[in-house]
Amino acid sequence: MPKLALIPPHDHHRHHRQLLLIFLLISATTAAPASATTNYQVFKEAPQFYNSPTCPSIHTNGMCCDQAVHVAMTLDTAYLRGSMAAILSILQHSSCPQNILFHFIASATANHQHFRYTISRAFPALVFQIYPYDSKAVSGLISTSIRSALDCPLNYARNYLPNLLPRCLRRVVYLDSDLVLVDDMAKLAATPLGDSSVLAAPEYCNANFTSYFTPTFWSNPTLSLTFSGRKACYFNTGVMVIDLQRWRAGDYTTKIVEWMELQKRMRIYELGSLPPFLLVFAGNIAPVDHRWNQHGLGGDNYRGLCRDLHPGPTSLLHWSGKGKPWARLDANRPCPLDVLWAPYDLLQTSSALES
């Protein structure tokens with residue numbers, strides 16, 4: 001390891017930056033495989049956000065407090081910048097930010113120490129837990145889709161969410177990493193699920209639902225009856241309110257896996273992890289206003305062209321699709337709506353670190 005000249009201890013800010021650089025250097029040399037080179041991103045510390053006087057007091061109780069708002073997200077190095085922006089947006093627009101508990105799912109082989117340090121440094125008061133996800137089982141079930149990024153095993157972690165999170169946890173809001181909120185998360189978390197719905201999400205019944213499945217699926221007499229008696233509509237799995245207890249009771253992970261196993265034997269869909277969710281849940285979910293998922297801002301899955309907002313109010317902006325706002329901003333080719341993501345970007349530039 002190269003020697004680092006120490007900075008006088010009275011220079012507090014520079015000393016703190018030096019410790020950060022030492023940590024990143026040690027992490028890169030000890031945690032990564034010898035054949036891999038890991039370039040860790042560094043993020044600024046976010047402002048501290050406090051509860052309003054009317055917020056209830058909560059006790060974390062092992063991350064299972066029913067009065068808290070529980071948010072689940074995945075973590076990986078490729079989308080970490082997006083995750084950090086999403087966290088900031090959630091806290092900034094919450095009336096009770098200290099009552100939000102975060103549950104992060106990361107690959108079992110990822111550097112959890114680095115994730116924990118990075119999040120704690122940017123959000124010192126954040127209450128969170130990181131859960132390891134062993135992707136070996138799902139890796140053999142993933143079929144090649146229309147975009148390689150959709151084939152990442154971590155995309156399928158949502159299938160196993162009730163098994164990964166503490167069993168005492170009743171309800172969680174699952175969010176993708178390529179989005180920001182501009183409204184209070186507690187409103188979304190309080191979505192009624194009715195007497196039997198396992199999850200809630202915005203539905204888009206004008207979308208061509210049949211296009212999500214292959215002619216092989218629709219021409220099969222048995223498979224084509226899957227949606228019989230159900231008003232099945234497309235919904236995006238990047239924003240979901242989930243009743244974990246109902247999921248476990250109905251063993252819905254097994255139902256999703258069974259469809260994935262069938263897909264390996266006969267190709268019945270093309271689009272990654274979404275179709276199994278549609279097969280199991282479409283037509284049986286609780287409604288959520290479209291304002292909570294202004295999706296598709298990343299364009300389609302081929303070219304990622306710019307798109308406009310859907311008509312109506314907006315509470316959540318979602319860059320689903322190929323184009324991600326941080327990549328387009330870095331390339332100096334942003335779409336008009338990417339400027340709405342930029343204020344939440346906590347990435348610390350190399351020039352800021354050196355100053």
### Task
Anything under 30° is parallel, anything over 60° is perpendicular, the rest tilted; go ahead and classify Trp247 against Phe281.
tilted
### Task
State, with a plain yes or no, whether a side-chain heavy atom of Pro276 is found less than 4.5 Å away from one of Asn159.
no
### Summary
Output for pair (Gln67 CD, Ile58 CD1), nearest 0.5 Å, gives 8.0 Å
### Query
Under 3.5 Å, is there a donor-acceptor pair between the side chain of Lys322 and the main chain of Gly299?
no
#### Entry: Test log, rule side-chain contact (heavy atoms from CB on, under 4.5 Å), inputs Ile119 and Met84
CA-CA 8 Å; Ile119 295 170; Met84 300 293 278; 4.2 Å; yes
### Short side-chain to backbone donor-acceptor contact, Gln294 and Leu309, under 3.5 Å
no
### Query
Does a side chain donor of either Asp183 or Trp292 reach within less than 3.5 Å of an acceptor in the other side chain?
no
### Flag, side chain of Gln263 to backbone of Tyr269, donor-acceptor distance under 3.5 Å
yes
### Query
Can you tell me if CG on Asn206 sees more than 12 non-hydrogen neighbours from other groups inside 6.0 Å?
no
### Task
Would you please test Leu340 and Val180 for side-chain contact (heavy atoms from CB on, under 4.5 Å) and show each step?
CA-CA 9 Å; Leu340 300 178; Val180 294; 6.0 Å; no
### Centroid-centroid distance, Phe115 to Phe104, less than 6.0 Å
no
### Query
Out of curiosity, Cys96 SG to Met185 CE, how far, rounded to the nearest 0.5 Å?
13.0 Å
### Query
Heavy-atom distance under 4.5 Å between the side chains of Tyr133 and Leu75, does that happen here?
no
### Query
Just by modelled atom types, is the Pro56 backbone N or O under 3.5 Å from a matching donor or acceptor in the Asn99 side chain?
yes
### Message
Determine whether a donor-acceptor pair (N or O, by modelled atom type, separation under 3.5 Å) exists between the side chain of Ser211 and the backbone of Asn208.
### Response
yes
### Task
Mark yes when over 12 heavy atoms from residues, nucleotides or ligands other than Arg230 sit less than 6.0 Å from its CZ; otherwise mark no.
yes
### Message
So does Gly238 get a backbone contact from the side chain of Asn236, meaning a donor-acceptor N/O pair under 3.5 Å?
### Response
yes
#### Entry: Cluster link Leu126 to Tyr50, ILVMFWY, side chain under 4.5 Å
no
## Note on the structure
All heavy atoms of Glu45 vs all of Arg121, minimum pair found to be CG-O, 3.6 Å
### Query
Is the shortest heavy-atom distance from the side chain of Leu278 to the side chain of Phe209 under 4.5 Å?
yes
### Query
Judged by atom type as modelled, is there a donor-acceptor pair below 3.5 Å linking the side chain of Ser120 to the main-chain atoms of Tyr117?
no
### Query
Run the side-chain contact (heavy atoms from CB on, under 4.5 Å) check on Ser94 and Leu91 step by step: do they pass?
CA-CA 5 Å; Ser94 173; Leu91 298 175; 5.8 Å; no
### Message
Run the side-chain contact (heavy atoms from CB on, under 4.5 Å) test on Leu262 and Leu223 for me, step by step, so that the C-alpha distance in whole Å, both residues' side-chain angles and the decisive distance to 0.1 Å come before the verdict.
### Response
CA-CA 11 Å; Leu262 178 61; Leu223 296 179; 3.7 Å; yes
### Message
Can you confirm whether Ile130 sits close enough to Arg116 that some side-chain heavy atom of one is under 4.5 Å from a side-chain heavy atom of the other?
### Response
yes
### Side chain to side chain, Phe217 and Thr214, heavy atoms closer than 4.5 Å
yes
### Plane angle bin for Trp326 and Tyr79 - parallel if under 30°, tilted between 30 and 60°, otherwise perpendicular
perpendicular
#### Entry: Met63 to Gln129 - nearest heavy-atom pair and separation
CE-N, 3.8 Å
### Single-linkage hydrophobic cluster, 4.5 Å side-chain cutoff, Val198 and Leu193 together
no
### Message
Looking at Ser177 and Ser83, would you say the former's side chain and the latter's main chain have a donor-acceptor pair under 3.5 Å?
### Response
no
### Task
Using the salt bridge (Lys or Arg N to Asp or Glu O under 4.0 Å) rule, collect all pairs that involve residues 231-244, keeping only residues at least two apart or in two chains.
Asp243-Arg246
#### Entry: Salt-bridge criterion met for Arg81 and Asp330 (N-O under 4.0 Å)
yes
### Task
Flag the pair Phe213 / Phe227 as yes when their ring centroid distance falls below 6.0 Å, and as no otherwise.
yes
### For Ser320 against His295, the heavy-atom pair lying closest together
OG-CB, 3.6 Å
### Query
What closest approach, in Å, do Ala200 and Thr191 show between heavy atoms, and which atom pair accounts for it?
CB-CG2, 3.8 Å
### Query
Is the closest side-chain heavy-atom distance between Ile268 and Trp259 below 4.5 Å?
yes
#### Entry: Contact summary for Arg248 and Leu165, nearest pair of heavy atoms
NH2-O, 3.7 Å
### Task
Determine the interplanar angle of the His103 and His70 rings, folded into 0 to 90°, and report it as parallel if under 30°, tilted if 30 to 60°, perpendicular if over 60°.
tilted
#### Entry: Minimal non-hydrogen separation, Ala46 against Leu88, with atom names
CB-CD1, 3.9 Å
### Query
So Phe277 and Phe235, would you call those rings parallel, tilted or perpendicular, with 30° and 60° as cut-offs?
perpendicular
### Pairs where residues 123-134 contributes a residue and the test salt bridge (Lys or Arg N to Asp or Glu O under 4.0 Å) is met, not counting sequence neighbours
none
### Query
Just wondering, do Val182 and Leu316 contact through their side chains at under 4.5 Å, heavy atoms?
no
### Query
Does some side-chain heavy atom of Arg158 sit less than 4.5 Å from a side-chain heavy atom of Ser273?
yes
